[in-house]
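For the single chain, residues carry numbers from 1 onward in sequence order. Remember, it's a predicted structure, so these values are computed and weren't measured experimentally.
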Amino acid sequence: MDREEGPDASPGGAADLGEPQVSDPKDPEEPPMQKRPGSPLVLPHTLQELLSKDTVQVQLIPEKKGLFLKHVEYEVSSKRFRCSVYRRYNDFVVFHEMLLQKFPYRMVPGLPPKRMLGADREFIETRRRALKRFINLVARHPPFSEDVLLKFFLSFSGSDVQNKLRELVQGVGDEFMVCKFAMQAKEYLPTDIQIQFAASRELIRNIYNSFYKLRDRTERIASRAVDNASDLLLFGKELSALGSDTTPLPSWAALNHSAWGSLKQALKGLSV
């Protein structure tokens with residue numbers, strides 16, 4: 001059983017990492033979009049710049065087993081911050097909630113589903129990959145990547161991670177409460193904003209549906225490839241068994257002894 005609830009826990013090795021210096025949660029940082037001149041509607045980064053911001057690895061570590069329950073823990077390693085921390089699924093959940101609270105007008109990537117009972121290896125591995133995609137999307141997002149929440153989540157190695165994440169957002173409000181563009185937001189909006197939104201939603205819906213179908217077909221292809229590999233392995237074993245058979249030929253087949261020997265050699269060669 002995959003236990004998701006419970007107090008935060010960090011292995012002893014994580015405590016060796018020094019606690020990062022984070023700013024006072026009461027003093028919100030200026031959003032990064034104020035740092036570059038120009039229209040806030042235009043992304044001042046290339047795709048390559050976004051991809052190079054950070055690469056985060058999420059690895060499964062051995063399960064912590066109790067008398068009746070066990071939980072899954074992940075080692076999260078950031079290339080940018082040059083450190084590794086240990087996180088549980090619920091830590092990701094709180095981090096996600098704080099991002100939604102601080103950035104309510106942005107598209108925060110979704111988390112993989114929570115599953116309390118019957119979490120098999122396949123589910124755990126699928127969720128690990130999804131968590132890796134999530135944290136890398138956040139780490140490469142222009143505003144998210146410069147926010148204190150991300151730095152804290154990727155570098156803080158102390159205990160009580162979830163409550164400290166909440167404290168960072170407490171009393172701060174969303175990003176546009178302290179953004180200089182908030183009072184001038186309407187001036188940046190085009191007159192046909194509703195039409196553009198409708199077109200964007202339709203495009204995103206079509207892209208999502210296409211990728212969903214591609215993912216479904218890819219998973220089916222991968223499943224069939226595994227089955228085919230298993231069948232080919234058994235097929236090869238049977239050929240090898242025939243080629244290595246040492247059962248003596250009966251007297252009536254003695255005249256075909258050389259032919260059977262050649263056939264066995266050919267079968268054995270096919271099994272390689």
Side-chain angles (χ1 to χ4, degrees), residues 1-17 51 54-81 83-100 108-140 150 153-157 159-162 165 208-238 240:
M1 178 166 62
D2 182 11
R3 181 187 178 193
E4 301 294 351
E5 302 296 339
D8 299 339
S10 297
D16 296 334
L17 297 173
L51 293 177
D54 198 2
T55 299
V56 184
Q57 300 295 334
V58 178
Q59 298 296 334
L60 190 67
I61 62 175
E63 295 174 340
K64 297 288 182 178
K65 297 184 179 180
L67 184 59
F68 300 105
L69 303 173
K70 60 184 179 181
H71 65 263
V72 176
E73 204 159 21
Y74 306 92
E75 181 179 8
V76 182
S77 305
S78 168
K79 182 178 179 181
R80 175 186 176 189
F81 296 109
C83 62
S84 297
V85 293
Y86 293 94
R87 296 288 181 258
R88 292 172 60 180
Y89 176 79
N90 279 351
D91 298 333
F92 281 91
V93 171
V94 174
F95 176 58
H96 183 258
E97 291 173 352
M98 296 305 100
L99 286 175
L100 289 172
V108 179
L111 281 176
K114 185 174 186 177
R115 185 173 177 180
M116 292 294 296
L117 301 174
D120 54 21
R121 291 183 178 180
E122 182 179 357
F123 170 80
I124 293 174
E125 173 58 21
T126 300
R127 189 173 66 178
R128 182 198 67 80
R129 294 197 300 267
L131 290 173
K132 180 180 178 180
R133 286 193 296 270
F134 162 77
I135 195 63
N136 275 283
L137 286 172
V138 172
R140 294 165 179 174
L150 178 72
F153 186 79
L154 292 179
S155 60
F156 180 73
S157 59
S159 60
D160 202 18
V161 174
Q162 296 175 27
L165 283 169
Y208 173 82
N209 289 335
S210 294
F211 273 98
Y212 184 85
K213 292 176 181 178
L214 286 172
R215 186 201 67 173
D216 182 61
R217 296 304 170 186
T218 302
E219 289 179 347
R220 293 189 181 200
I221 291 172
S223 178
R224 288 197 296 269
V226 172
D227 292 338
N228 289 338
S230 178
D231 290 340
L232 285 173
L233 179 62
L234 293 176
F235 188 79
K237 287 182 178 180
E238 290 303 321
S240 179

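Atoms NZ and CG, on Lys213 and Asn209 in that order, are 6.5 Å from each other to the nearest 0.5 Å. For the atom pair Leu131 CG and Ile124 CD1, the distance stands at 11.5 Å (nearest 0.5 Å). Atoms NE2 and CD1, on His96 and Ile135 in that order, are 10.5 Å from each other to the nearest 0.5 Å. Rounding to the nearest 0.5 Å gives a distance of 9.0 Å between CG of Leu111 and CD of Glu97. Taken to the nearest 0.5 Å, the CZ atom of Arg215 stands 7.0 Å off from the OH atom of Tyr208. Remark: Tyr89 OH to Lys114 NZ distance equals 7.0 Å, nearest 0.5 Å.
Counting heavy atoms from C-beta outward, Arg87 and Phe156 have side chains that approach closer than 4.5 Å.
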- [ ] Go through the steps for Arg224 and Ile221 under the test side chain to side chain contact (heavy atoms under 4.5 Å, CB included), then give the verdict.
- [x] CA-CA 5 Å; Arg224 288 197 296 269; Ile221 291 172; 3.6 Å; yes
Task: Derivation of the side chain to side chain contact (heavy atoms under 4.5 Å, CB included) call for Asp54 and Leu154 - done: CA-CA 11 Å; Asp54 198 2; Leu154 292 179; 3.9 Å; yes
Open item on the list: For a side chain to side chain contact (heavy atoms under 4.5 Å, CB included) check, start with the C-alpha distance between Glu219 and Thr126, then their side-chain angles and the critical distance, and finish with the verdict.
Closed with: CA-CA 12 Å; Glu219 289 179 347; Thr126 300; over 6 Å; no
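Val76 and Phe92 make their closest contact through CG2-CZ, 3.9 Å (heavy atoms, listed as atom of the first residue, atom of the second, distance). When all heavy atoms of Met98 and Leu165 are compared, the closest pair comes out as CG-O, 3.8 Å.
Within the 3.5 Å criterion, the main-chain N or O of Val226 finds no donor-acceptor partner in the side chain of Ser230. Using a distance-only test at 3.5 Å, with no hydrogens or angles considered, no donor-acceptor pair links the side chain of Asn136 to the main chain of Thr55.
Tested against Ser84, the residues Ser155, Ser77, Ser157 include a single side chain to side chain donor-acceptor pair (under 3.5 Å) partner, Ser77. Across Arg127, Lys132, Arg128, a single residue satisfies side chain to side chain donor-acceptor pair (under 3.5 Å) together with Tyr74, and that is Arg127.
Using a 30° and 60° split on the angle between ring planes, Phe95 and Phe153 fall in the parallel class, below 30°.
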